[in-house]
Amino acid sequence: MPRAHMLRSVLMALLGTLPAIAAENQSPMPSAASAVSQSRPAAGSPSRLNVLLITADDMNYDSPGVAGCRVPSITPHIDRLASQGMRFVHAHVTSAVCQPSRSVLMTGRYPHRNGAMGFEPIREDVPTLQESLRSAGYMNGIFGKVNHLAPQGKFCWDAIVATDDLGHGRDPGLYYKHAKSFFQTARDAGRPFFLMANSHDPHRPFAGSRQEKQQIARGKKDDGPWPGAGRYYKTNEVTIPGFLPELPDVRKEVAEYFTSVHRCDETVGEILRALREVGQEDNTLVMFLSDNGMAFPFAKTNCYLASTRTPWIVRWPGGTKPGTVDSEHMISGIDYMPTVLEAAGLPMEDGMDGRSFAPLLRGERRPDRDWVCTVFNQTSGRQNFPMRCVQTKRFGYIFNAWSDGKTTFRNESQSGLTFDAMKKAAESDPQIEGRVKHFLYRVPEEFYDFERDPCALHNLIDDASHAKTVAGFRKRLRETMKSTSDPLLPQFEARLKQDKAG
C-alpha cells in the first residue's frame, strides 16, 4: 500500500470508518475504548454547536474579493460566506508562520507561553481546545497540516485525513469527499463535531509555477498527482502588492499566487457544500481565516501589516447578523480558543492570554479592543529572527531584536521568482536596492502609519512628530512582554536604555 494512504489512526468503532484517514506523523492516537469513554456526552445533555474552522495557508488579508481585491472572480465562495456572517477588517493572527500561528489558535496563548515558539510541540501542561471539546463529547477531526499541531496526543483527533489524501492539500473535490463523510459520521452518531479543514493553498509552490513543476518532477510515484486549478490567471489580470516592485517576474509569480488563491476558494466552497448537503449548516459555527500573509518579501514570517493581518470571517447561525462588517474592533489568534469555548457554552480554561470575542459576534461593542500584540521567532528553516509588534488600527511599532547590521534575514519568501528579480533590479535601481537591503538587514525599531502607509514603505521611528506616540507603543509592548514573561524582555529593555542614553 502506498505510504500516503497507510492508515495510522482509526475512527472510533462506535462511529464507523472514515475513508482515507491517515496521520502525518508517528505520534500515537488514543485507543478506541479510551476515546469513546472520554467523548461520550452525558445522557440527556443538550445538543452542542458544531464548529468548523477552515484555514488558508499563506493568503494575504486583501486577497479575497470581499476585502477589496480587484482580481476578477477571485474568491466567490469566501465572498458568499462573508455575506452570510461577519467579516473582521482588523483581524490578526499572532505569529506569521504556520505551526506557531496554529498552536496559538488552539491554546489561546502566545508562543512563548505555550512552548511552540518555532516549529516545536506545545508543552504537555498547556490545555488545548481539542481537550476541552473531547471532554464535552465532541468528535475532533483535522484535514491536512496535521504535523503543525504537536504533540498529536494533545489534540485528541478522532479523524485525520493526511495531506497526500487531499491531493497534496490542494484538491477541492477530495476535501468535499472527506468533509461529507466526516459530517455524516458525526451526524449519524448524534455527536457534535469540531473540524479543522486546512487548505495548503496558496502556499508555495504556486499553481503552474516552476517550483511546482520541480516538486512534481522530484515526487515519488505514490505521492499522487498534483491537482490542476479551475482557473489560471494571466499577468494582466492581477494587482501587485504595494510592498513589491513592479517587475515582470514579480507579476508572473503574483499571477501564480492568485491562481492558488482561487483554488483555495474552490476548496472552501466544496467544504461548505458538504456541510450544507449533510444538513448541518444551521447548527455549525464556521470561521475562515489564513494562518499568515502571502509568502513574499515583507509579508509572511515578519511583523508587518501584511504579515499578520488575516481575512477573518465568522458565520454563526443565530449569533452573527448576515453581511456584517466589523471595522471598529481588533481581534487576534489568541482569541480563537476562548471564543469557541464561549460559543459552545463550555467553561474557560485557566491561563489563556486571549479573550472571547463572542460579544462582538452578537453585535456588542468593546472599546478596549483597540490593539493587538504580534510576535515572530523562528522560520521553517529553524533560523531565529525574534520580533515583537504592537499594532492599532492606525499605527504599528516593531522591535527587531535580531537586527544588528550584520545578521542577514533568510526566509521561504526568498525562493521563487520575486526576490531574485528584486536582487537583479537592485543592481541598477537605487530604490529597489534600498528595499532589498532593508529586507535583509532591517533596523532595531520600525514605526509605521499603516492607515496612510499600509505597505510599510516609510519608517517613522526617527520622526520627531511621532516621538510621543512611539513612546506610548514602547511602553505598551514592554508591559505586555512583562505580563506574559516574554524571554525577549531583557533585550527590549536594553534597547530602551540605549535609546534614553542616545
Side-chain angles (χ1 to χ4, degrees), residues 49-69 71 73-94 101-102 105 143 172 175 179 194-199 201-202 261-276 280-294 305-306 308-340 342-343 354 356-364 369 372 393:
L49 182 72
N50 300 316
V51 181
L52 170 60
L53 172 62
I54 305 175
T55 73
D57 201 356
D58 299 2
M59 181 185 290
N60 229 49
Y61 74 92
D62 54 358
S63 290
V66 72
C69 182
V71 177
S73 304
I74 185 66
T75 55
H77 300 292
I78 294 171
D79 297 353
R80 181 173 181 268
L81 180 65
S83 74
Q84 298 169 338
M86 176 180 287
R87 179 174 67 89
F88 286 91
V89 174
H90 300 288
H92 288 257
V93 292
T94 302
S101 177
R102 294 165 189 269
L105 292 174
F143 293 179
Y175 278 89
F194 173 90
L195 176 62
M196 185 181 191
N198 302 304
S199 170
D201 276 325
V261 168
H262 185 72
R263 187 169 58 189
C264 177
D265 179 76
E266 292 177 320
T267 293
V268 172
E270 289 298 272
I271 295 168
L272 294 175
R273 178 166 75 95
L275 182 71
R276 184 169 60 251
Q280 296 293 299
E281 190 175 54
D282 294 337
N283 192 38
T284 301
L285 170 67
V286 178
M287 293 200 200
F288 167 82
L289 53 82
S290 175
D291 62 347
N292 47 250
M294 63 199 303
L305 187 69
T308 59
R309 191 170 167 187
T310 189
W312 202 320
I313 297 169
V314 184
R315 186 180 72 192
W316 183 9
T320 53
K321 181 180 179 182
T324 303
V325 177
D326 186 318
S327 58
E328 176 182 357
H329 303 96
M330 301 191 74
I331 63 172
S332 182
I334 58 173
D335 301 325
Y336 177 76
M337 178 174 171
T339 301
V340 170
E342 179 175 347
S356 169
F357 58 81
L360 306 183
L361 301 177
R362 295 189 291 262
E364 299 177 26
R369 282 196 169 273
V372 297
K393 287 186 291 184

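The shown structure was predicted, so the numbers you read here are calculated from the model rather than taken from an experiment. Positions are given from 1 along the sequence.
- Formation of a donor-acceptor pair under 3.5 Å by the Arg87 side chain with backbone atoms of Ser327 is not found in this model.
- Of all the heavy atoms in Ala343 and Leu49, the pair that sits closest is O-CD2, 3.9 Å.
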**Message:** Between Leu53 and Leu195, is the side chain to side chain contact (heavy atoms under 4.5 Å, CB included) condition met? List the steps.
**Reply:** CA-CA 6 Å; Leu53 172 62; Leu195 176 62; over 6 Å; no
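- Judged by distance alone, the side chain of His262 and the main-chain N or O of Ser73 form a donor-acceptor pair under 3.5 Å.
- Nearest heavy-atom pair, His329 versus His90, reported as atom, atom and distance to 0.1 Å: O-CB, 3.6 Å.
- Checked for salt-bridge contact, Arg369 and Asp326 miss the test: no charged N lies under 4.0 Å from a carboxylate O.
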Next on the checklist: As a quick check of understanding, evaluate side chain to side chain contact (heavy atoms under 4.5 Å, CB included) for Ile54 and Leu81, giving each step before the final call.
Outcome noted: CA-CA 11 Å; Ile54 305 175; Leu81 180 65; 5.7 Å; no
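- Considering all non-hydrogen atoms of both residues, Cys69 and Ser63 come closest at CB-O, 3.2 Å.
- Just one residue in the list Thr284, Ile78, Leu52 forms a side-chain contact (heavy atoms from CB on, under 4.5 Å) with Leu272, and that residue is Leu52.
- Closest approach of Thr339 and Ala358 over heavy atoms only: CG2-N, 3.9 Å.
- When all heavy atoms are compared, the tightest approach of Cys264 to Ser199 is SG-OG, 3.8 Å.
- In this structure a side-chain-to-backbone donor-acceptor pair under 3.5 Å is missing from Lys393 to Met330.
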Discussion item. Please evaluate residues Val66 and Thr75 with respect to the criterion side chain to side chain contact (heavy atoms under 4.5 Å, CB included), reporting the C-alpha separation (whole Å), side-chain torsions for both, the decisive distance (0.1 Å), and the verdict.
Written reply: CA-CA 8 Å; Val66 72; Thr75 55; 5.7 Å; no
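- The backbone N or O of Met294 lies less than 3.5 Å from a partner atom in the side chain of Asn60, making a donor-acceptor pair.
- No donor-acceptor pair under 3.5 Å is formed between the side chain of Thr310 and the backbone N or O of Ala91.
- Under the side-chain contact (heavy atoms from CB on, under 4.5 Å) test applied with Trp312, the options Phe288, Tyr336, Tyr61 reduce to a single match, Tyr336.
- Note that the CZ atom of Arg315 and the CZ atom of Arg80 stand 7.5 Å from one another [nearest 0.5 Å].
- The side-chain heavy atoms of Asp265 and Ile74, taken from C-beta on, include no pair separated by under 4.5 Å.
- Using a 4.5 Å heavy-atom threshold, the side chains of Thr94 and Thr308 count as separate.
- Between the CG atom of Leu105 and the OG1 atom of Thr55 there is a distance of 8.5 Å, given to the nearest 0.5 Å.
- Once rounded to the nearest 0.5 Å, the distance linking NZ of Lys321 with CE of Met86 reads 9.5 Å.
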* **Verdict with reasoning, Asp57 to Asn198, per side chain to side chain contact (heavy atoms under 4.5 Å, CB included)** => CA-CA 7 Å; Asp57 201 356; Asn198 302 304; over 6 Å; no
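- Here the straight-line distance linking atom OG1 of Thr267 with atom CZ of Phe143 works out to 12.0 Å at 0.5 Å rounding.
- To the nearest 0.5 angstrom, Trp316 atom CH2 is 6.0 Å from Leu361 atom CG.
- Put simply, the side chain of Leu275 reaches to within 4.5 Å of the side chain of Val286, judged on heavy atoms.
- In this structure Asp201 satisfies the salt bridge (Lys or Arg N to Asp or Glu O under 4.0 Å) test together with Arg170, Arg263, sequence neighbours excluded.
- Interatomic distance, Leu289 CG to Met59 CE, rounded to the nearest 0.5 Å: 10.5 Å.
- Using a distance-only test at 3.5 Å, with no hydrogens or angles considered, a donor-acceptor pair links the side chain of Asp335 to the main chain of Ser332.
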